Enquirer: 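The structure is given below, and queries will be raised subsequently.
Just so you know, these numbers come straight off a predicted model, no measurement behind them. We count ligands from 1, going down the list as the structure has it; atoms in each ligand are counted the same way.
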Amino acid sequence: MKIYSARAFFSHYSRASGAGLVALAAFVLVSTGPAYSADRRVALKAARLFDGKSKTLISNGVVIVAGGKIADVGSNLAIPADAQVIDLGDATLSPGFMDAHTHLTLDYSGDYIRNRWTELTTNVSEQALRAATFARATLEAGFTTVRDLGSRFVGSHEFVDVALRNGINKGLVVGPRMLVATYGVGATGGHFDATAGFRDMLFGFEPRFHEGIADGPDEIRKTVRFEVKNGADVIKAAVSGGVLSLADEVDTPQFTADEMKALVDESHRLRKKVAVHCHGDQAAKEAITAGVDSIEHGSFMKPDTIALMKTKGAFLTPTLMATYWILNKLDLYPPPLQAKAKAAGAARSEMFRNAVKAGVKISFGTDAAVFPHGQNAREFKLMVDLGMAPIDALISATSADAELLGISHKVGTLEKGKLADIIAMPGDPTADITATERVNFVMKEGEIIRNGPASQKPTTAAADLIDAELPAD
Ligand SMILES: [Zn+2]
């Protein structure tokens, strides 16, 4: 029997604020029965329940949790006599949110040049320790699963994302379930070339497959194999230029159609899905034709490309928060990046509206690291402001993301037999989508991570910046 010992429980609150300690004390006081164990049933109650796939909320929601899984779920369920009851009141229960596009090991949220300096001068082990705080902030914000799309430290061959994922799985670090991409795959001089924009040979090497840089179908296959060998769950590639890279145009293609074919073929042969960073329209068309599973960003996609996407069943991960954040802090980026951000920002609102109208599958993903970790839920309001129904935005962050990540059999909905990844937020998120930003209860696989205030303040570079309101389009 797996016991959630007092030590494990305390570890969740030991670094917590006073409120956390009060919560621990309250738990100890109500816990008069046998030791809290995964076998003991817990009944979660709230005024409303979102099951992750239905278009309407259920009233008087109850979820019975036992053994880390959902034993039963429904409206006004009878509560077993031996269950510990947690009544969340005027709140909405939901499957744990997912973010299909994070970079938990990185932080680009503050001043761009200062960030680059920090990245180049800080020991990679220290950056890994910081990543553990980002993981906790993300989980405490209600995101119980993330697809982490790229982790690289120029001149280092460390796989910090793999270490973080494994540390979380082994209980060494508190954080969301992670699917990781390691370095990603990119072209020489492209968005993923960490030496681009610096003097030639400044770092003493020209990046190759073991830095995630490949040119030509054969090298691309080798890079995919190398990343899977080192722990990648998903393959990420940059097939067009990007905003925060120094030596490329934002929308130019960076792989040929043959290179993209090799990328998708090799990844799928190894049973890994392919997510491509892509702003440009031509690159998106070629990537969708090649059979990628998701287009990340998609800023300049035209209606015919969106129609192709719908036909092929590829997901769009819009990452509206990334452009929103950069446009809000434009003076913190060098002028060439400002111009790229403005162009991508000007195009992406119409693209997103068109994608919603066309009924393209939309996966919730934010590009967290561009903005401070733990603020992922702000993406919901941006989606709704651009025409997505609140319930569809909630579906995108639960069952849709689970489908894209290939983990629907385990998580993404509140259904009998699924893992007990359950969160709650005050009020009704379909009436006020910003309720998603106020998650105050988080359970991961039956373990209570948070029931009340979060344990820490954001720790990222831009945590202290004042965030002016900016219209979504
Ligand atoms: Zn990204």
Side-chain angles (χ1 to χ4, degrees), residues 98-110 112 115-116 119 127 131 134-135 138 143 146-154 160-161 164 176 178-187 190-194 196 212-213 227 232-246 248 250-251 254 273-280 283-284 287 292-300 315-327 329 333 337 340-341 344-345 348 352 362-376 378-379 382 401 404-405 460-462:
M98 299 185 206
D99 189 329
H101 191 134
T102 64
H103 302 278
L104 282 188
T105 62
L106 306 172
D107 175 18
Y108 292 125
S109 62
Y112 182 86
N115 287 346
R116 292 307 292 252
E119 188 189 343
Q127 301 198 47
F134 302 157
T138 303
F143 289 80
V146 302
R147 187 178 63 158
D148 203 64
L149 291 184
S151 171
R152 62 178 66 235
F153 302 88
V154 60
V160 177
D161 56 350
L164 186 60
M178 291 176 77
L179 275 73
V180 305
T182 71
Y183 303 153
V185 186
H191 183 58
F192 282 175
D193 185 341
I213 298 302
E227 296 188 354
D233 301 301
V234 56
I235 297 300
K236 166 84 178 293
V239 304
S240 92
V243 173
L244 297 186
S245 39
L246 295 166
D248 55 351
V250 65
D251 62 338
Q254 295 190 338
K273 297 208 183 192
V274 185
V276 293
H277 159 103
C278 181
H279 289 282
V292 299
D293 298 284
S294 65
I295 295 281
E296 309 298 306
H297 320 302
S299 308
F300 299 97
F315 278 85
L316 168 68
T317 315
T319 69
L320 303 174
M321 255 312 272
T323 22
Y324 174 84
W325 183 265
I326 295 168
L327 291 176
K329 315 269 181 291
Y333 300 87
L337 304 197
K340 294 205 279 184
R348 66 88 154 129
F352 181 76
I362 293 177
S363 38
F364 183 101
T366 64
D367 221 351
V370 171
F371 61 91
H373 294 286
Q375 297 193 21
N376 317 54
R378 294 177 66 186
E379 179 87 10
L382 299 179
D401 268 5
L404 171 61
L405 272 57
T460 47

Enquirer: Can you classify the ring geometry of His279 versus Phe300 as parallel (below 30°), tilted (30 to 60°) or perpendicular (above 60°)?
Expert: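 Answer is perpendicular, since the angle exceeds 60°.
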
Enquirer: Can an N, O or S atom be found in His101 less than 2.8 Å away from the Zn ion (ligand 1)?
Expert: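 Within the cut-off used here (under 2.8 Å), His101 does place an N, O or S atom near the Zn ion (ligand 1).
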
Enquirer: Tell me which N, O or S atom from Asp367 is the closest to the Zn ion (ligand 1).
Expert: OD1

Enquirer: Are a donor atom and an acceptor atom from the side chains of Thr319 and Thr366 found within less than 3.5 Å of each other?
Expert: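 Per modelled atom types, Thr319 and Thr366 side chains form no pair under 3.5 Å.
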
Enquirer: Salt bridge check, Glu119 against Arg152: does any charged N sit closer than 4.0 Å to a carboxylate O?
Expert: no

Enquirer: Counting backbone and side-chain atoms alike, is an N, O or S atom of Glu296 positioned under 2.8 Å from the Zn ion (ligand 1)?
Expert: no

Enquirer: Do any N/O/S atoms of His103 come under 2.8 Å of the Zn ion (ligand 1)?
Expert: yes

Enquirer: Kindly assign one of parallel, tilted or perpendicular to the pair Phe192 and His277, based on the angle between their ring planes and the thresholds 30° and 60°.
Expert: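 Answer is tilted, since the angle falls between 30° and 60°.
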
